[in-house]
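Report on the following structure.
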4 protein chains.
Amino acid sequence: MTKLELQKKKTRDREATRQKLLHAAVKVFATQGYEGATTRAIADEAGVAEALIQRYFNGKQGLLNASLKDFADFEKLSCSNLPPPVPTLDAEWKSLLLSAVENCAHNKQNLNVAMSQATFDRNFGRSMAKFLESNRAPALAERLKKHVADGSLPANTDLEALSHGLALTMLGIGYLGQVVMKLDPKMIQRIVTALSKAYSSK
Amino acid sequence: MTKLELQKKKTRDREATRQKLLHAAVKVFATQGYEGATTRAIADEAGVAEALIQRYFNGKQGLLNASLKDFADFEKLSCSNLPPPVPTLDAEWKSLLLSAVENCAHNKQNLNVAMSQATFDRNFGRSMAKFLESNRAPALAERLKKHVADGSLPANTDLEALSHGLALTMLGIGYLGQVVMKLDPKMIQRIVTALSKAYSSK
Amino acid sequence: MTKLELQKKKTRDREATRQKLLHAAVKVFATQGYEGATTRAIADEAGVAEALIQRYFNGKQGLLNASLKDFADFEKLSCSNLPPPVPTLDAEWKSLLLSAVENCAHNKQNLNVAMSQATFDRNFGRSMAKFLESNRAPALAERLKKHVADGSLPANTDLEALSHGLALTMLGIGYLGQVVMKLDPKMIQRIVTALSKAYSSK
Amino acid sequence: MTKLELQKKKTRDREATRQKLLHAAVKVFATQGYEGATTRAIADEAGVAEALIQRYFNGKQGLLNASLKDFADFEKLSCSNLPPPVPTLDAEWKSLLLSAVENCAHNKQNLNVAMSQATFDRNFGRSMAKFLESNRAPALAERLKKHVADGSLPANTDLEALSHGLALTMLGIGYLGQVVMKLDPKMIQRIVTALSKAYSSK
DNA sequence: CATGAATGAGAGTTCATTCAT
DNA sequence: GATGAATGAACTCTCATTCAT
């Protein structure tokens, strides 16, 4: 057994315990909501003592903040990890929608926590908007630029608005359709295809 | 005042109190969430005694159910109240998106309550999906049909999927963009315009 | 049964419940100290639900404040209820010490609460001093004045200081000796007599 | 360094740590009270790990016992360290009161801990009384004896009671007046002088 | 031996609900 | 029928103590 493995087996490992709590928190917040979640349930899920929530996160609210931070980090990452560019507009549109579907599925717990927070906390809603405006939309606009250049989109296209619209469509399908309403995955695929095709219709 | 009139007045008062509570509940549930809302806050908002929640709605949960019923009724109504048809596809698209923006703005409290419920209650999420599939999407498909007929949309268009996609886009912009993220109304307009245009680009 | 008696028997009587809690609190604070007392113990002692402490006193701290207010009221009263004046200095001294012993015995729970609070809360200690300076000592000085006039006390007696000293002696015997150390009542009497005599010795 | 020296050093360190904890405990108990003090606060004040309280004192209660022992030792010492005798009764009285003021000021933390303990622990209150009766009062009586002999005090003076009264007066001024109420030091001096003079008035 | 991670019991408080008036 | 006093369960958080390292 290597030293690293031994390290991993320690029963008193600050960071490991912190992570156990954080993951449990995201899971419980995602399914019960912040107010509906109890610290007891989170601690049980993590398999550690409830008191450690105070020790490591300064209470339930701190645990929520840490969860939201997690989400923000993931979102930032997903902006720089867009799928590779493709030549035609409808293929691009499809590829981006599909990656959103993928991302939302993968990150659905964090999404639930964040969206719920955005719903009930004015400030968080606004900071989510800011992120959309400063990060997500610009990254998408960058992708769509060349389709204006090659004439697939009109020269006077409002790229900023279009990329916002695309981002919201991504969330509409990936989050509302897939995560919240739990639409059949096949239907999700058909929706993505249908929308993409509609964009290339003459 | 006759005995009958007295009876009627009483009934009216009962109903008035019930409505006061229901409206207060929607407001408080919408801003605090179900778990975050207290029966005390709701009663205060309604200006009546807390105990009446038990009497009239059989408790907090009953009040939520009544609130959700309210939302469902509104949604059903909005399906039969779509804006008048317009000849071109992009105008149709724009008109539908705009009506969604309008609807969501008018109904944002109920939307918050319902979306939050859908997030944390598997069954409610599914019933929302069912409504989308059985009511909303068919109503939209009906609208798009003629644009297939006139060639604006390809003959092999998956109308069912496209109308689902449109419905989710409407929610993405009207609810997530407008209500949750509180995007600037001007930006919302630009988004609607940009998306609509993109769908008619050659 | 008179209406008043019926009133007293009400099982839901705001003021009566408040008083039950307040008395229980003084008793428990007096025997366990503020920190040592639990709201559960106080509620049990009062025979009512713990939650009423929040309702009526805004929490444990509020209950303490109410208890201290009780004490302050009693103290104010006791200043205006000094024993009747007597002609000789040693009789006066004895009478005042005896009344202090009596008062402290009667009010020992409140005294415990207040003294403990004074010990650990700088501000309360100071406000107790202020009370001594502004109320208690002046009241005693008033009593001693005539003994300066009749020559029992020297003309240049520092009456302000002497009355402070008397007040502290009263507390030393009545509170520390009697309440805290629980000296034998007979010994308390002997102490009072001995001290009084010493003041008239030639 | 020899093994023996190492051993000695270790012992010194052990003892030093114990003392650090003990002093920290007295300080924290004195300002927060026993129940209000947390082992964490004490350990922080001492600059050592919380767990050492268990090791060295067998828990928080043991730390309190050790603190009280400290106080008892000091008290015993102070009985044999009375100020030098003086010829006149009023000078004696003043000298003893002044020494009490001095002692209380020096020992105020221990006094706070002990008095608080006496207030809430019947047994400790009684053992304080026992100490008063067996040590403090006899020591004072010894001092006052000669003033009976020289006629400053009546022949039939109840010396035992008078010395008890003096001891309580000393605490009344030195502890209650000075430590608890934090009376102005100048006022304390005036009180001592006024009381002493009152004892020599004809 | 000292550390600090971990624990469990219990603290004060909140809240939906019940019930006497 | 409406009120608000009363309740008990459950919540978050604190703290003395235990124990692996």
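Lettering of chains follows the sequences in order, A, B, ..., and the numbering in each one begins at 1.
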Can you check whether Gln19(C) reaches Glu15(C) side chain to side chain, under 4.5 Å on heavy atoms?
-> yes
Does OP1 or OP2 of dA6(E) have a side-chain N or O of Thr17(A) closer than 4.0 Å?
-> yes
Candidates dT17(E), dT12(F), dT13(E) - which lies nearest the side chain of Lys60(A) = dT12(F)
Residue Ala49(D), side-chain atoms from C-beta onward, closest of dC13(F), dG4(E), dA5(E) | dG4(E)
Nearest-angstrom distance from the residue atom CG of Leu63(D) to C1' of dT17(F) | 14 Å
Testing dT17(E), dG12(E), dT17(F) for proximity to the side chain of Gln54(B), the answer is dT17(E)
Any strand: nucleotide that pairs with dG12(E) via Watson-Crick or wobble, under 3.5 Å = dC11(F)
What integer distance in Å separates Glu35(B):CD from dT12(F):P?
-> 11 Å
So, is Thr39(B) close to the dC15(E) phosphate, meaning a side-chain N or O under 4.0 Å from OP1 or OP2?
-> no
Do any side-chain nitrogens or oxygens of Tyr56(D) fall under 4.0 Å of OP1 or OP2 in dC1(E)?
-> no
Nearest-Å distance, CG (Leu64(D)) to C1' (dT17(F))?
-> 17 Å
Select from Asn58(B) and Leu52(A) the residue whose nearest nucleotide in DNA chain E is closer to the 5' end of that strand.
-> Leu52(A)
Does a side-chain N or O from Arg55(A) land closer than 4.0 Å to OP1 or OP2 of dA5(E), or not?
-> yes
For Asp73(B), does the CG atom have more than 12 heavy-atom neighbours from other residues, nucleotides or ligands under 6.0 Å away?
-> yes
Searching all strands shown, indicate the nucleotide that pairs with dT21(E) (Watson-Crick or G-U wobble; both distances under 3.5 Å).
-> dA2(F)
Would you mind classifying the nucleic acid contact of Thr38(D) as base, sugar-phosphate or nothing, using non-hydrogen atoms under 4.0 angstrom?
-> sugar-phosphate
Figure out the CG/C1' separation between Asp44(A) and dA10(F), and round it to whole Å.
-> 14 Å
Qualifying residue, where the test is salt bridge (Lys or Arg N to Asp or Glu O under 4.0 Å) with Glu45(D) and the options are Lys27(D), Arg40(D), Lys20(D) = Lys27(D)
Nearest-nucleotide 5' precedence on DNA chain F, Gln61(D) against Gly59(A) | Gly59(A)
When you measure from the side chain of Ala51(B), which nucleotide among dC19(E), dT12(F), dA5(E) comes out closest?
-> dC19(E)
Distance, rounded to the nearest Å, where Ile42(A) contributes CD1 and dC11(F) contributes P | 11 Å
Rounded to whole Å, CD of Gln32(A) lies from P of dA10(F) at a distance of 15 Å
Heavy atoms of other groups near Asn65(C) CG, more than 12 under 6.0 Å | yes
When we call it a touch if two heavy atoms are under 4.0 Å apart, what does Ala37(D) touch: a base, just sugar-phosphate, or nothing?
-> sugar-phosphate
So, for Tyr175(C) and Asn112(C), which heavy atoms are closest and what is the spacing to 0.1 Å?
-> OH-OD1, 3.0 Å
Establish, for the pair Lys60(B) and Tyr34(B), whether the NZ or CZ atom is under 6.0 angstrom from the six-membered ring centre and no further than 45 degrees off its axis.
-> yes
In terms of side-chain heavy atoms of Arg40(C), which of dG12(E), dA5(F), dA16(F) is nearest?
-> dG12(E)
Could you say whether Glu50(A) or Arg14(C) is positioned toward the 5' end of DNA chain F, judged by the nucleotide with the nearest heavy atom to each?
-> Arg14(C)
